[in-house]
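Okay, so here's the structure we're looking at.
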Amino acid sequence: MERIAVIDFETTGISPSSSCRATEIAVVILEQGRIVERYQSLMNAGVRVPGFIEQLTGISNAMLRSAPPAEQVMNEVNEFVGTTPLLAHNAAFDQKFWDFELGRIKRTRLQNFACSLLLARRLMPAAPNHKLGTLTSFAGLPHTGQAHRAMADAEMAANLVAHLAGELRHKHGLRELSHDFLCKLQKVPAAKIPEHLKRQRGF
DNA sequence: TGCCAGGCCCTCTTTAGGGCCTT
């Protein structure tokens, strides 16, 4: 599988705004199914972390006071990712924050996002639910650290997509697993997936 | 003052509603 940048944000809420910002980002580079590079940083965007978010993530206002400014972190991580295609679990969420935080440093996204949530709904229909932690356990993948911290979640999503790619290769006989292929696969209606994969066999 | 996401996906659907998933 081609090189993919798997990203995960921790934030102060669900939708980016002047008061809802990113607090942490992690990116892992997946190459041939293995994590080969990592970037992780807390980021201080000058907003308060609500109590329930601190409970959820363990990221406190005190931790962010000594963190580098959001602009500095976004410049670094944007440089780190470059034009590598992106993937996240529930990518609609991370894409909103990626675009918002990049916009604040006058940059625009150059690549598409693939989504491990949409892929897992199609390729792991028997899972009890499609939360990242549940899918990790269901697939027998290692738990990578504290859930709801950016690096642990990015690594879990990377392990999950590597697992899904392995299944596509071994169970369905697919060879060329490009990011573009994953982006297309995640839009195929779930009911048509078996027939779709049969048609793709050998490609 | 009070409110505050949104795309996907299923079904008791399509002139709609509600759960899932991310923090």
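Proteins come first, then strands; the chains are lettered A, B, ... in the order of their sequence lines, and each starts at number 1.
Look at the P atom in both B:dC4 and B:dG18: the space between them is 15 Å, to the nearest Å. Here, B:dT13 and B:dC8 have their C1' atoms 15 Å apart, quoted to the whole Å. To the nearest whole angstrom, the two C1' atoms, one in B:dG19 and one in B:dT15, are 22 Å apart. If you take atom C1' in B:dC12 and the same atom in B:dA16, they sit 11 Å apart, rounded to whole Å. Straight-line distance between the C1' atoms of B:dT23 and B:dG6: roughly 14 Å, to the nearest whole Å.
Contact check, A:H148 against B:dT23: a side-chain N or O comes under 4.0 Å of OP1 or OP2. For A:R121 and B:dC10, the shortest distance from a side-chain N or O to OP1 or OP2 is not below 4.0 Å. For the OP1/OP2 pair of B:dC21 and a distance below 4.0 Å, the side-chain nitrogens and oxygens of A:H130 include at least one atom meeting the criterion.
Side-chain polar atoms of A:S137 and A:H143 form a donor-acceptor pair below 3.5 angstrom.
A straight line from CD of A:Q186 to C1' of B:dC8 spans 11 Å, rounded to a whole angstrom. Atom NZ of A:K131 and atom P of B:dT23 are 11 Å apart (whole Å). Straight-line distance from the CG atom of A:D153 to the C1' atom of B:dC21: 13 Å, rounded to whole Å. Rounded to whole Å, the distance from CZ on A:F93 to P on B:dC8 is 17 Å. Between A:F9 atom CZ and B:dC21 atom C1' there is a gap of 17 Å when expressed in whole angstrom units. Taking atom CZ on A:F113 and atom P on B:dC8, their separation rounds to 15 Å, with Å as the unit. Residue A:Q95 contributes atom CD, which lies 19 Å from atom P of B:dC21 at whole-angstrom precision. Rounding to whole angstrom units, CD1 of residue A:I14 and P of B:dG7 are separated by 14 Å.
When all heavy atoms of A:T12 and A:S19 are compared, the pair lying nearest together is OG1-O, 3.5 Å. In this structure, A:I14 and A:F93 approach most closely via the heavy-atom pair O-CE1, 3.6 Å.
Using a 4.0 Å cutoff on non-hydrogen atoms, the parts of residues 43-75 of chain A near DNA chain B are A:I53, A:L56, A:T57, ordered by number.
Among the nucleotides B:dG6, B:dT23, B:dC10, the one closest to the side chain of A:E10 is B:dT23. Picking from B:dC8, B:dA5, B:dT23 the nucleotide with the shortest atom distance to the side chain of A:L118 gives B:dC8. Each of B:dT22, B:dA5, B:dT23 was ranked by its minimum atom distance to the side chain of A:T11; first place goes to B:dT23.
Contacts of A:R122 with the nucleic acid, taken as non-hydrogen atoms under 4.0 Å apart, involve only primed sugar atoms and P, OP1 or OP2. Counting any heavy atom pair closer than 4.0 Å across all strands shown, A:N129 reaches sugar-phosphate atoms only and no base atom. Among the heavy atoms of the strands, none lies under 4.0 Å from A:F97.
Each of A:A190 and A:K96 was matched to the nucleotide of DNA chain B holding its nearest heavy atom; the match closer to the 5' end belongs to A:K96.
Sorted by first then second residue, the salt bridge (charged side-chain N to carboxylate O under 4.0 Å, His left out) pairs that include residues 68-86 of chain A, not counting sequence neighbours, number zero.
The only option from A:L119, A:L160, A:D8 that meets the side chain to side chain contact (heavy atoms under 4.5 Å, CB included) definition with A:H89 turns out to be A:L160.
A 4.5 Å side-chain heavy-atom check between A:Q95 and A:R109 finds at least one atom pair inside the cut-off.
Ring planes of A:F80 and A:Y39: tilted class, angle from 30 to 60°.
Heavy-atom contacts from other residues, nucleotides or ligands closer than 6.0 Å to CZ of A:R34 number 12 or fewer.
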